[in-house]
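Comments concern the structure below.
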Amino acid sequence: MSLSEDERLARLRLARTERVGPVAFRQLIGRFGDAVSALEALPAFSRRAGGQGVTPIDPGRIEREMADGNHAGARLIVLGDADYPERLAQIDPPPPVLWALGDPALLQRSCVAIVGARIASAGGQRIARGLAQQLGQAGHVVVSGMARGVDGAAHEGSLPTGSVAVLGGGVDDIYPPEHADLHRRLAENGCVVSENPMGARAQARDFPRRNRIISGLSRGVVVVEAEIRSGSLITARLAAEQGRDVFAVPGSPLDPRARGPNDLLRQGAILCEGLEDIERAFETFRAVRERETPPFESYPDEAADVSLLDRVAALLSPTPTPRDELARALGLPMSVIAGALLELNLAGRCELLPGGLVAAA
């Protein structure tokens, strides 16, 4: 089903509302059926668990966001749209909204991410560029983060065949500044993607979410060079959690930038020396990796009993806990527990985390 324009704007407004993160967004639409209804019910519904209530964001801010996006030539894609990337919709939770500058059809094709060190060696950049060219010639789109080093080389190698840059800020947030020309070419011949509004400047908290989109769009993630503590290894971990293949290009133990990929290989990543290693893995694991996950969960029509909310809250701790453990502890269906956690989250009493985890706020 295609969404009406009112529903698409309502989904953007719901996603931008305070306390409504990606998990709560998906659950609210599952609970109320659509974003229009969820916005109407949100103030009263969010007060039931003892909070002050959540007021939907001012519609004027959404109008300005739409005007800025349209002025820049960007396209809004919301979860539930027919052109929302199918693979990205499978992650838990998928980003509620995306802005795409360029050709969003690239997001639907077979994508492979190439990530690595910002201060990359000349050899590492050559490997990233060459592998990106090989992947493009084989029909794959290359996804990366438009950073210095490996990212930039991967985009350069794949621009003629299909390249996607996922940014931490808005799609107009050009960083590093020397990639202004690369950004322009990606917008003209590839695609630049972000879940943040136009004009947003990337903050530290945005990069883990950016990395989840890079891995979520992709069938696999290739790490070329990375030190042990790096965003590239975070992307690799997220890819593994999402059921994606993780590839690592081995390097000399004398180079600190090889420690990340070499450690991934110790943990079971797939050794990557070229395109054939990636294609072989895709053929081998295709039946296991592909799966369908409904974007929205269903819930009972009635709201949770207030006493149940307190019982669920009493079981929470700052340590993330799986929702199914709470369901077992209380002997209740998962849908009932999920509904109670949604109310507690909106009241500011718990935090809904990816992977079905929850923690006390």
Side-chain angles (χ1 to χ4, degrees), residues 21-22 91-93 95 112-129 131-132 142-155 164-169 173 175-179 193-196 200-218 220-273 277-278 318-320 351 353-355 357 359:
I91 72 172
D92 180 20
V112 179
I114 298 179
V115 296
R118 285 175 168 79
I119 306 176
S121 68
Q125 293 182 57
R126 185 174 66 250
I127 290 170
R129 188 179 300 107
L131 184 57
V142 171
V143 182
S144 199
M146 213 183 79
R148 295 183 178 95
V150 166
D151 288 20
H155 289 307
V164 172
V166 185
L167 306 187
D173 183 24
Y175 188 85
E178 61 264 29
H179 279 179
V193 177
S194 174
E195 62 178 328
N196 283 323
R201 296 293 173 255
Q203 307 294 320
R205 65 178 182 272
D206 294 315
F207 289 104
R209 296 189 305 166
R210 185 276 304 263
N211 294 342
R212 291 185 74 251
I213 297 176
I214 290 176
S215 58
L217 285 169
S218 306
V221 172
V222 184
V223 180
V224 177
E225 288 183 337
E227 297 197 21
I228 286 295
R229 294 184 179 180
S230 68
S232 298
L233 295 195
I234 293 174
T235 306
R237 175 179 58 79
L238 293 168
E241 292 174 356
Q242 294 165 352
R244 284 22 176 183
D245 291 316
V246 178
F247 302 89
V249 176
S252 167
L254 300 177
D255 188 343
R257 290 167 293 202
R259 292 184 64 196
N262 290 350
D263 190 57
L264 288 174
L265 291 169
R266 293 189 195 96
Q267 298 177 48
I270 302 166
L271 186 144
C272 179
E273 294 181 321
D277 295 313
I278 297 172
T319 302
E351 184 178 2
L353 304 170
L357 299 176

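The first residue of the sequence shown is numbered 1, and numbering continues consecutively from there.
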- Ser144 side chain to Ala154 backbone, donor-acceptor under 3.5 Å: no

- Item | Neighbour count above 12 (heavy atom, 6.0 Å) for Arg201 CZ | yes

- Is a donor on one side and an acceptor on the other found under 3.5 Å between the side chain of Glu227 and the backbone of Ala117? no

- If you look at every heavy atom in Pro250 and Leu265, which pair is closest and at what distance? CB-CD1, 3.8 Å

- Message: Check whether Ser252 reaches the backbone of Leu254 with its side chain - one donor and one acceptor, N or O, closer than 3.5 Å.
- Response: yes

- Task: For the residue pair Arg237 and Thr235, establish whether any side-chain heavy-atom pair is separated by less than 4.5 Å.
- Result: no

- Give a yes or no answer on whether the side chain of Arg257 reaches the backbone of Ile119 with a donor-acceptor pair at less than 3.5 Å. yes

- Query: Any donor-acceptor pair under 3.5 Å linking the side chain of Gln125 with the backbone of Ala153?
  - Reply: no

- Message: Any non-hydrogen side-chain atom of Val115 less than 4.5 Å from a side-chain atom of Val221?
- Response: yes

- Taking Asp263 for its side chain and Arg259 for its backbone only, find out whether a donor-acceptor pair lies under 3.5 Å. no

- Task: Would you check if the side chain of Asp173 reaches a backbone N or O of Ala202 as a donor-acceptor pair within less than 3.5 Å?
- Result: yes

- Euclidean distance, Gln203 CD relative to Asn196 CG, rounded to 0.5 Å: 9.5 Å

- Can you measure from CG (Leu217) to CD (Gln242) and round to the nearest 0.5 angstrom? 9.5 Å

- Message: Please report the interatomic distance CZ(Arg244) to OG(Ser215), rounded to the nearest 0.5 Å.
- Response: 7.0 Å

- Note on the structure: For His155 and Met146, the nearest pair of non-hydrogen atoms, with its separation, is NE2-N, 3.2 Å

- Under 3.5 Å: donor-acceptor pair, side chain of Asp151, backbone of Gly145: yes

- Message: So, taking the atom named CG in Asp245 and the one named OG in Ser218, what distance separates them when rounded to the nearest 0.5 Å?
- Response: 11.0 Å

- With distance as the sole test, does His179 use its side chain to make a donor-acceptor pair with the main-chain N or O of Gly152 at under 3.5 Å? no

- Item | Axial cation check for Phe207 ring with Arg212, 6.0 Å and 45° limits | no

- Query: Atom CG in Leu264, atom CD1 in Ile228: separation rounded to 0.5 Å?
  - Reply: 8.0 Å

- Flag yes if more than 12 heavy atoms outside Arg118 fall under 6.0 Å of its CZ atom; otherwise flag no. no

- Message: Tell me the closest heavy-atom pair linking Leu233 and Ala226, and the distance in Å.
- Response: CD2-CB, 4.3 Å

- Can Cys272 and Leu131 be said to form a side-chain contact (heavy atoms from CB on, under 4.5 Å), step by step? CA-CA 10 Å; Cys272 179; Leu131 184 57; 4.1 Å; yes

- Query: Got a second to check how far Ile214's CD1 is from Ile114's CD1, nearest 0.5 Å?
  - Reply: 11.5 Å

- Message: So which atom in Phe247 and which in Gly220 form the shortest heavy-atom distance, rounded to 0.1 Å?
- Response: CE1-CA, 4.2 Å

- Note on the structure: Correct closest heavy-atom pair for Ala359 and Leu353 would be CB-CD1, 4.2 Å

- Message: Quick one, Asp92 with Glu241, criterion side-chain contact (heavy atoms from CB on, under 4.5 Å). Give me CA distance, side-chain angles, the key distance, then yes/no.
- Response: CA-CA 10 Å; Asp92 180 20; Glu241 292 174 356; over 6 Å; no

- Is a salt bridge present between Arg210 and Glu195, judged by a nitrogen-to-oxygen distance below 4.0 Å? no

- Query: Are Pro261 and Val223 close enough that some pair of their side-chain heavy atoms sits under 4.5 Å apart?
  - Reply: yes

